[in-house]
Number of protein chains: 2
Amino acid sequence: MAYDENCPVCATAEIVCGKWTLLIIRDLADDRQRFCELERSLKGISPRTLSLRLRALEEEGMVKRETFPEVPPRVEYALTEKGRALVPLIEDMRSYGRRWLGAEGDCTPAAEDDAAVAPAVVAPPAFAA
Amino acid sequence: MAYDENCPVCATAEIVCGKWTLLIIRDLADDRQRFCELERSLKGISPRTLSLRLRALEEEGMVKRETFPEVPPRVEYALTEKGRALVPLIEDMRSYGRRWLGAEGDCTPAAEDDAAVAPAVVAPPAFAA
DNA sequence: CAGTATCCGTCTGGATACTG
DNA sequence: CAGTATCCAGACGGATACTG
């Protein structure tokens, strides 16, 4: 982009401006998530975009990526301290949206849970070529 | 864009995402500004973009436009209550930028004032064709 | 001064398919 | 599951010139 890097507002704006960035932070605010969980809660996001955002967030140090060398590959994403520091910003946005934009939904991953029971494993069968 | 309109965070994000939007709000936070003043403090913005943003902000009810039928045309922009409600968000961003992004500048229009003395009128001569 | 019109490049992000 | 590769459309925004 092209504005003053030294301005704290501008600098934060550059991070915040990505279309899904804030939503990812929001989804990660409650607890760590795996790639596919984010993919589901961020309904409509493409794997490419999610991947890009996650990578950028990781490079900026706001998200921590953890890999588990298991048979069904598992990767979890969580906020770092730097990332968590963004949460109040999101809360402000939520308040604003409710108060001035008439957006009443809560849009939290938990809210759109159809079955609260643990799905345990979605698809344990092999997938190797 | 394409995400949940009912989510307060998403709804606010759509407003906040425009490249210059937040900066305009910030510049208007202190006091009302005219078009050319914004053009100057938002160094680098094109009149087209400024015009578009201002118009959008006006339609969304965050900015109030006031015209003065004077010989050198004068138009001033000011925040509405709805627009002013965005200021705390900007303050959060400023704090974040300072604390985590190492952005130390303040980027306020007043700060980059070269000569504090009133320039009175920059170019009073006629400009009519 | 306060914009608008036109043109055009860039970047973002979606769709789809494929891999480790 | 967790991505990556490719292709592509459309939005965003800059430059420049011109008008009321």
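Sequence lines set the chain letters: A, B, ... in the order given, protein chains first and strands last, and positions in each chain run from 1.
- With distances taken from any side-chain atom of B/Pro73 to the nucleotides C/dA2, D/dG13, C/dG13, the minimum falls on C/dA2.
- The local environment of NZ in A/Lys82 is crowded, with over 12 non-hydrogen atoms from other residues, nucleotides or ligands closer than 6.0 Å.
- Minimum atom distance to the side chain of B/Ile45 is reached by D/dG14, of the listed D/dA2, D/dG14, C/dA2.
- Atom CG in B/Leu54 sits about 11 Å away from atom P in C/dA2, given to the nearest Å.
- Under the 4.5 Å side-chain criterion, counting only non-hydrogen atoms from C-beta, A/Leu79 is not in contact with A/Leu86.
- Not one side-chain nitrogen or oxygen of A/Ser46 sits closer than 4.0 Å to the OP1 or OP2 atom of C/dA15.
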A/Arg74 vs A/Glu76, side chain to side chain contact (heavy atoms under 4.5 Å, CB included): CA-CA, chis, key distance, verdict = CA-CA 7 Å; A/Arg74 182 156 60 102; A/Glu76 291 188 350; 2.9 Å; yes
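- Considering only the side chain of B/Arg40, C/dC1 comes nearest among C/dG14, C/dC1, D/dG3.
- Nucleotide D/dG20 holds its C1' atom 16 Å from the CD atom of B/Glu70, rounded to whole Å.
- Nucleotide D/dA2 holds its P atom 14 Å from the CD1 atom of A/Ile24, rounded to whole Å.
- An OP1 or OP2 oxygen of C/dG3 is reached within less than 4.0 angstrom by a side-chain nitrogen or oxygen of B/Arg65.
- Distance CD (B/Glu66) to P (C/dA2): 13 Å, rounded to an integer number of Å.
- Regarding B/Glu37, its CD atom lies at a distance of 10 Å from the P atom of C/dC1, rounded to whole Å.
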Check step by step if side chain to side chain contact (heavy atoms under 4.5 Å, CB included) holds for A/Ile90 and B/Thr12.
-> CA-CA 9 Å; A/Ile90 294 177; B/Thr12 306; over 6 Å; no
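- Both distances falling under 3.5 Å, in either a Watson-Crick or a G-U wobble arrangement, place D/dC12 opposite C/dG9.
- As a whole-Å value, the separation of A/Lys19 NZ from D/dA9 C1' is 13 Å.
- Taking atom CZ of B/Arg53 as the reference point, atom P of C/dG3 lies 16 Å away to the nearest angstrom.
- Regarding contacts with the backbone of C/dT4, a side-chain N or O of B/Arg55 is found under 4.0 angstrom from either OP1 or OP2.
- For B/Leu52 and A/Leu52, each mapped to the nucleotide of DNA chain D holding its nearest heavy atom, the one lying further toward the 5' end belongs to A/Leu52.
- A donor N or O paired with an acceptor N or O is not found under 3.5 Å between the base of C/dG3 and the side-chain atoms of B/Arg48.
- Nucleotide D/dT19 forms a Watson-Crick or G-U wobble pair with C/dA2, both donor-acceptor distances falling under 3.5 Å.
- The number of heavy atoms from other shown groups lying within 6.0 Å of CD (B/Glu70) is above 12.
- Of the side-chain N and O atoms in B/Ser51, none sit less than 4.0 angstrom from OP1 or OP2 of C/dG3.
- Note: CZ (B/Arg74) to C1' (D/dG20) measures 18 Å, nearest angstrom.
- Using a 4.0 Å cut-off, some side-chain N or O of A/Tyr77 falls inside it from OP1 or OP2 of D/dG3.
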